[in-house]
Number of protein chains: 2
Amino acid sequence: MTEDPKPRRRQARGERRIAQLLQAAADVFCANGYTATSTNAIAREAKVSPGTLYQYFPNKEAIAIELGGRLIHEMRERHGQVFTPENVALPLPELIDAILDPMIEFNCLNPAFLALMHGSEVPGRIAEEHDELHASLLSQVRELIGARAAPALPVEELDRVADMAFAVFKGGLALIVAAPEGPARDGAVAELKKVLYRYLEPLLAEEGARVTTTPPR
Amino acid sequence: MTEDPKPRRRQARGERRIAQLLQAAADVFCANGYTATSTNAIAREAKVSPGTLYQYFPNKEAIAIELGGRLIHEMRERHGQVFTPENVALPLPELIDAILDPMIEFNCLNPAFLALMHGSEVPGRIAEEHDELHASLLSQVRELIGARAAPALPVEELDRVADMAFAVFKGGLALIVAAPEGPARDGAVAELKKVLYRYLEPLLAEEGARVTTTPPR
DNA sequence: GGCAAACACGAGTGATCGCTCGCGTTTTCA
DNA sequence: TGAAAACGCGAGCGATCACTCGTGTTTGCC
């Protein structure tokens with residue numbers, strides 16, 4: 001609809017300030033949440049004046065949108081390289097590694113991502129983009145499971161399994177991110193992979209091995 | 001330290017107002033989060049004036065604390081009846097039912113609980129009580145798993161398993177609460193139980209059945 | 001019935017927040 | 001080198017929020 005009416009030409013200094021402000025915003029959002037964070041606090045964290053902040057962002061919401069947008073973009077790039085055909089053909093343990101490791105690394109490096117995506121207090125635009133990302137990830141999980149599970153698997157159950165696998169991943173991810181870097185975190189990562197392996201193994205067993213004893217439930 | 005200096009004597013009407021205000025607060029907190037909720041909005045939702053609200057609560061924080069306290073109390077009562085000796089002796093599938101079902105029911109009936117416990121924006125007192133509850137639940141999970149797993153299981157791994165089982169439960173719970181009541185939710189519940197069963201079965205197999213094929217990881 | 005206390009009200013108050021504006025400084029470019 | 005544009009500042013403006021207070025109504029108790 002409306003073109004950006006301000007083809008403002010930025011200097012290198014300005015780009016640096018923007019990055020600096022977004023980093024500050026990420027830190028403060030992460031610590032206090034979006035609503036409880038004041039724009040003055042972001043400016044203070046970035047060591048600039050409120051006026052300077054508003055030279056680069058029209059309002060508080062735009063800061064969160066820009067930050068969230070960049071994080072989502074980075075995440076998209078990452079998961080785009082994850083659901084590749086060669087990965088899909090991997091044995092289940094390696095498949096889990098290939099999918100989880102990049103996601104975990106990203107979320108550990110960018111804790112603001114989870115903080116921004118999770119709150120019910122974030123501006124609507126972020127929630128929308130998050131929903132899109134969520135749906136996209138979910139459909140890729142569905143596709144992947146569908147490609148490897150028995151073809152007789154009802155779509156309805158496929159959806160349930162994909163939903164639950166993703167939800168379980170998010171739960172484990174929260175634990176992992178909260179754990180202190182080091183062996184504790186590594187242990188949690190290994191444990192989450194165990195959960196997912198044992199959950200998915202009966203469905204995704206390699207061809208010809210589908211006679212494994214399905215547990216009593 | 002300080003005794004409550006106001007042994008204010010409440011009428012039945014007052015108690016009703018308090019319940020009404022807490023219910024309204026639960027709804028609005030749930031919809032908008034703690035910080036973004038104004039006390040006037042709570043009063044409006046409860047169909048009373050701001051002045052009336054402040055007759056029963058000294059400030060906004062006290063509302064959240066009272067609400068959170070009541071929910072935590074109710075949850076404690078519930079989980080107290082869940083980790084009983086007779087439950088501990090149950091076969092794993094029934095054990096999972098016995099533990100998960102009350103928790104899930106409570107959280108579906110009181111969505112404000114998750115909303116209040118989860119935010120990093122809640123008043124410190126709530127966070128403390130939540131940490132206590134969390135630690136208490138976790139230790140009971142540890143105890144239960146420890147009682148049933150192989151005695152040779154290192155405590156270190158026991159801790160990891162309990163942490164992960166609880167984290168996975170929380171992830172699945174979020175999916176369940178978000179699902180619309182009905183078959184979708186029931187399906188999600190069954191799926192979460194499958195996850196936990198398959199994760200814990202190798203550890204908690206009944207005595208004498210511990211020769212089950214442990215998966216390659 | 002009458003009185004004190006609890007309840008209910010809602011306009012108002014001080015503080016804080018998002019955001020602006022005027023002015024001074026630095027960078028770009030011809 | 002000079003002017004235009006981008007950058008940087010921080011006091012301050014209007015709006016909103018948590019919370020108060022003076023006044024009127026209802027309830028419990030003798």
Side-chain angles (χ1 to χ4, degrees), chain A residues 4-25 28-29 31-68 116 119 121-126, chain B residues 4-25 28-29 31-68 116 119 121-126:
Chain A
D4 46 350
K6 307 267 181 180
R8 179 124 171 181
R9 159 177 153 272
R10 297 251 173 252
Q11 301 178 354
R13 191 174 25 151
E15 296 294 343
R16 255 183 284 125
R17 278 269 181 262
I18 291 179
Q20 180 183 1
L21 283 162
L22 288 177
Q23 181 58 55
V28 189
F29 284 155
N32 306 111
Y34 172 76
T35 312
T37 294
S38 77
T39 55
N40 288 12
I42 296 175
R44 203 180 316 121
E45 175 78 20
K47 312 266 184 59
V48 297
S49 82
T52 296
L53 185 153
Y54 280 94
Q55 187 153 48
Y56 298 103
F57 300 99
N59 51 50
K60 177 178 169 182
E61 187 177 333
I63 303 171
I65 289 177
E66 179 65 24
L67 177 61
L116 261 188
E121 47 167 2
V122 289
R125 188 74 184 81
I126 295 263
Chain B
D4 46 350
K6 307 267 180 178
R8 179 121 174 186
R9 156 176 154 272
R10 296 250 172 255
Q11 301 180 354
R13 192 175 23 151
E15 297 292 345
R16 253 183 287 124
R17 278 270 181 262
I18 290 179
Q20 181 183 1
L21 282 163
L22 288 177
Q23 180 59 55
V28 189
F29 284 156
N32 306 110
Y34 172 76
T35 312
T37 294
S38 76
T39 55
N40 288 13
I42 297 175
R44 204 181 315 122
E45 175 78 20
K47 312 265 182 62
V48 296
S49 82
T52 297
L53 186 153
Y54 280 93
Q55 187 152 50
Y56 299 102
F57 300 99
N59 50 50
K60 178 179 169 181
E61 186 176 336
I63 302 172
I65 288 176
E66 178 65 24
L67 177 60
L116 261 188
E121 47 168 2
V122 289
R125 189 74 183 79
I126 295 260

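Nothing here was measured: the structure is a model prediction, and the numbers come from that model. Here is the naming used below: chain letters follow the sequence lines, and residue numbers restart at 1 for every chain.
The side-chain hydrogen bond (donor to acceptor under 3.5 Å, both in side chains) search around Thr37(A) returns none, not counting sequence neighbours.
When the P atom of dT20(D) is taken as reference, atom CZ of Phe57(B) falls 15 Å away, rounded to whole Å. Here dC17(C) presents its P atom at 12 Å from CD1 of Ile42(A), a figure rounded to the nearest Å. To the nearest angstrom, C1' of dC17(C) lies 13 Å from CG of Leu53(A). The separation between Arg13(B) atom CZ and dA6(C) atom P is 12 Å, rounded to whole Å. Remark: C1' of dT27(C) and CD of Glu15(A) are 15 Å apart, rounded to the nearest angstrom. What separates CZ of Arg17(B) from P of dT27(D) is a distance of 11 Å, to the nearest Å. One can place CZ of Arg16(B) at 11 Å from C1' of dT27(D), the figure rounded to the nearest angstrom.
Between Ile63(A) and Ala25(A), the shortest heavy-atom contact is CG2-CB, 3.6 Å. Closest approach of Pro123(A) to Glu61(A), counting heavy atoms only: CB-CG, 3.3 Å. Across Thr39(A) and Leu53(A), no two heavy atoms sit closer than the pair O-CD1, 3.5 Å. Taking both residues in full, the closest heavy atoms of Lys60(A) and Thr35(A) are given as NZ-O, 3.2 Å, listed atom of the first, atom of the second, then distance. Of all non-hydrogen atoms in Ile65(B) and Ile126(B), the two that sit nearest each other are CA-CD1, 3.7 Å. Across every non-hydrogen atom of Ala64(B) and Tyr34(B), the tightest pair is CB-CE1, 3.6 Å.
The closest side-chain heavy-atom distance from Glu121(A) to Glu121(B) is below 4.5 Å.
Checking the phosphate oxygens (OP1, OP2) of dC9(C), a side-chain nitrogen or oxygen of Thr52(B) falls inside 4.0 Å. Put simply, Arg10(A) has a side-chain N or O that comes within less than 4.0 Å of OP1 or OP2 on dC7(D).
Within the nucleic acid shown, Tyr56(A) comes within 4.0 Å of sugar-phosphate atoms alone, with no base atom in reach, counting heavy atoms only. The residue Thr35(A) sits apart from the nucleic acid: no heavy atom pair falls under 4.0 Å.
Listed nucleotides: dC7(C), dG8(D), dC9(D). Nearest to the side chain of Val48(A): dC9(D).
Within the model, atoms OG of Ser38(A) and CD of Glu45(A) stand 11.0 Å from one another, a figure rounded to the nearest 0.5 Å.
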Are any protein N/O atoms closer than 3.5 Å to N/O atoms in nucleotides 28-30 of chain D? If there are, list each pair with its distance.
| from | atom 1 | to | atom 2 | distance (Å) |
| --- | --- | --- | --- | --- |
| dG28(D) | O3' | Arg9(B) | NH2 | 3.3 |

Any N/O pairs under 3.5 Å between the protein and nucleotides 19-23 of chain C? List them or say none.
| from | atom 1 | to | atom 2 | distance (Å) |
| --- | --- | --- | --- | --- |
| dC19(C) | OP2 | Tyr54(A) | OH | 2.9 |
| dC19(C) | OP2 | Lys60(A) | N | 2.6 |

